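Naming convention: chains lettered A, B, ... in sequence-line order (proteins, then strands); numbering from 1 in each chain. A quick note: this is a predicted structure, and the numbers were derived from the prediction, not measured.
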There are 2 protein chains.
Amino acid sequence: MPDEIKNHSECTKMILPVRDALDILSGKWKLPIIISLSFGNKRFSQIAKEIPKITDKMLSKELRDLEANLLVKRTVIPSVPVVVEYSMTSYGKSLEKVIDELRNWGTLHRKQIVSNSKKTKPK
Amino acid sequence: MPDEIKNHSECTKMILPVRDALDILSGKWKLPIIISLSFGNKRFSQIAKEIPKITDKMLSKELRDLEANLLVKRTVIPSVPVVVEYSMTSYGKSLEKVIDELRNWGTLHRKQIVSNSKKTKPK
DNA sequence: TAAATAACTATACTTTAGTATAGTTATTTT
DNA sequence: AAAATAACTATACTAAAGTATAGTTATTTA
């Protein structure tokens, strides 16, 4: 098999799962929610308070998405009034390494950008 | 300092760099481009051939973004006609671990979704 | 009795991301 | 002489993501 075709299929094989992972994490709010819940179980309004500027609509939508992907568990506590607790599933916790790597690289990158923008124009 | 305030600031500290990293990788085309170049230096039209459905406009825009972030290097070879070669910088290669983790998790997740959708409805 | 808490949903809107299609300049191949 | 290659840019559009604002049901506190 010629190199370019081989590379092409290797390439495609890599892209699919990486995109799957990214779909879970991309967008403005999913990470903040995941990180917030990784510090402990929280209720809807507590998460909302922890994440400045998020609207109820976005929070509710993203929590539903995360729940559908089995990363977050929604528990209704039948008190009066009803209280809903969100927590990371053990499956959701398996994202830890991914998030760690993203944070490591992001920290490095932030330094790079800052030191570079000094030489050129401020961002 | 009370727990919730401490958690909140820890949380914020994590979110910033993770978002920085994600900004680099998110979108439909950045990853395919990065992965494609990680298999070897390529010219504009070669990348375009390797990534089905990408338009010239998107490819050109994303390459400019990646270049601005110092992940990709653009080299003009003054032949006739002019040829432009793109390559990963060593800094760009530092994304390798991040991409590996995303791929690992994405592979796991893909299996999870498939086995789960058998129980419920097909996707 | 009004405001606050709880966990949302509904509607309408704006912004950003991505697509479709065509055009540019210069050269080489058919 | 026409078509292909090379590496793009320009214009106009659609689709997806996100925002703003208000409303819901039931209960508790001021």
Side-chain angles (χ1 to χ4, degrees), chain A residues 4 15-16 18-37 40-69 72-87 123, chain B residues 4 15-16 18-37 40-69 72-87 123:
Chain A
E4 33 180 333
I15 289 167
L16 264 167
V18 174
R19 269 243 274 261
D20 287 343
L22 230 50
D23 283 348
I24 299 298
L25 302 174
S26 69
K28 199 169 173 181
W29 304 113
K30 289 197 188 87
L31 246 319
I33 294 169
I34 290 171
I35 292 173
S36 165
L37 287 177
N41 304 355
K42 307 231 163 65
R43 284 176 287 143
F44 188 91
S45 50
Q46 288 181 305
I47 306 173
K49 264 179 224 153
E50 275 222 347
I51 303 175
K53 308 247 175 176
I54 196 170
T55 60
D56 282 3
K57 189 195 169 180
M58 274 293 117
L59 181 51
S60 139
K61 195 215 149 227
E62 299 294 53
L63 282 170
R64 260 184 280 128
D65 287 358
L66 293 170
E67 204 197 341
N69 285 311
V72 162
K73 193 181 163 202
R74 183 177 185 272
T75 311
V76 178
I77 297 157
S79 53
V80 179
V82 156
V83 157
V84 181
E85 190 182 70
Y86 293 91
S87 53
K123 198 189 175 179
Chain B
E4 35 178 337
I15 288 167
L16 263 169
V18 174
R19 268 246 272 259
D20 287 344
L22 230 51
D23 283 347
I24 299 298
L25 302 174
S26 70
K28 198 170 173 179
W29 303 113
K30 289 200 189 82
L31 246 319
I33 294 169
I34 290 170
I35 291 172
S36 164
L37 286 178
N41 304 354
K42 305 231 165 66
R43 284 177 286 146
F44 189 91
S45 49
Q46 288 182 304
I47 306 172
K49 264 179 224 153
E50 275 223 347
I51 303 175
K53 308 248 176 173
I54 196 170
T55 60
D56 282 3
K57 189 193 168 180
M58 273 293 118
L59 182 51
S60 139
K61 195 215 149 225
E62 299 294 55
L63 282 169
R64 260 183 281 127
D65 286 358
L66 294 170
E67 205 197 341
N69 285 312
V72 161
K73 193 181 162 202
R74 182 178 185 274
T75 311
V76 178
I77 297 158
S79 52
V80 179
V82 157
V83 157
V84 181
E85 190 182 72
Y86 292 91
S87 53
K123 200 189 175 179

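For the pair A/K30 and A/I24, the tightest heavy-atom approach, listed with the atom from each and the gap, is CD-O, 2.8 Å.
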Could you list all N or O pairs between the protein and nucleotides 28-30 of chain D that sit under 3.5 Å apart?
none

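Remark: C/dG23 base-pairs with D/dC8; criterion is Watson-Crick or G-U wobble with both hydrogen-bond distances under 3.5 Å.
Contact check for B/I34 versus B/L25: side-chain heavy atoms found under the 4.5 Å cut-off. Considering only heavy atoms from C-beta on, A/V83 stays 4.5 Å or farther from A/V76 through its side chain. You'll find the side chain of A/F44 stays beyond 4.5 Å of the side chain of A/V84, heavy atoms only. A 4.5 Å side-chain heavy-atom check between B/K28 and A/R19 finds at least one atom pair inside the cut-off. Counting heavy atoms from C-beta on, the side chains of B/V82 and B/I77 never come closer than 4.5 Å.
Nucleotides of DNA chain C that come within less than 4.0 Å of any heavy atom of chain B span, from the 5' end to the 3' end, C/dG18 to C/dT27.
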Would you please test B/R74 and B/L63 for side chain to side chain contact (heavy atoms under 4.5 Å, CB included) and show each step? CA-CA 9 Å; B/R74 182 178 185 274; B/L63 282 169; over 6 Å; no
Could you please spell out the steps behind the side chain to side chain donor-acceptor pair (under 3.5 Å) verdict for B/S36 and B/E50? CA-CA 7 Å; B/S36 164; B/E50 275 223 347; 3.1 Å; yes
Mind running side chain to side chain contact (heavy atoms under 4.5 Å, CB included) on B/N69 and B/E67 for me, showing each step along the way? CA-CA 5 Å; B/N69 285 312; B/E67 205 197 341; over 6 Å; no
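Contacts between residues 53-66 of chain B and DNA chain C, defined by a heavy-atom separation below 4.0 Å, involve B/K57, B/M58, listed by number.
With DNA chain C read from its 5' end, the first of the two nearest nucleotides for B/K28 and A/V82 is the one closest to A/V82.
In this structure, the side chain of A/R43 does not engage the main chain of A/Y86 through any donor-acceptor pair within 3.5 Å.
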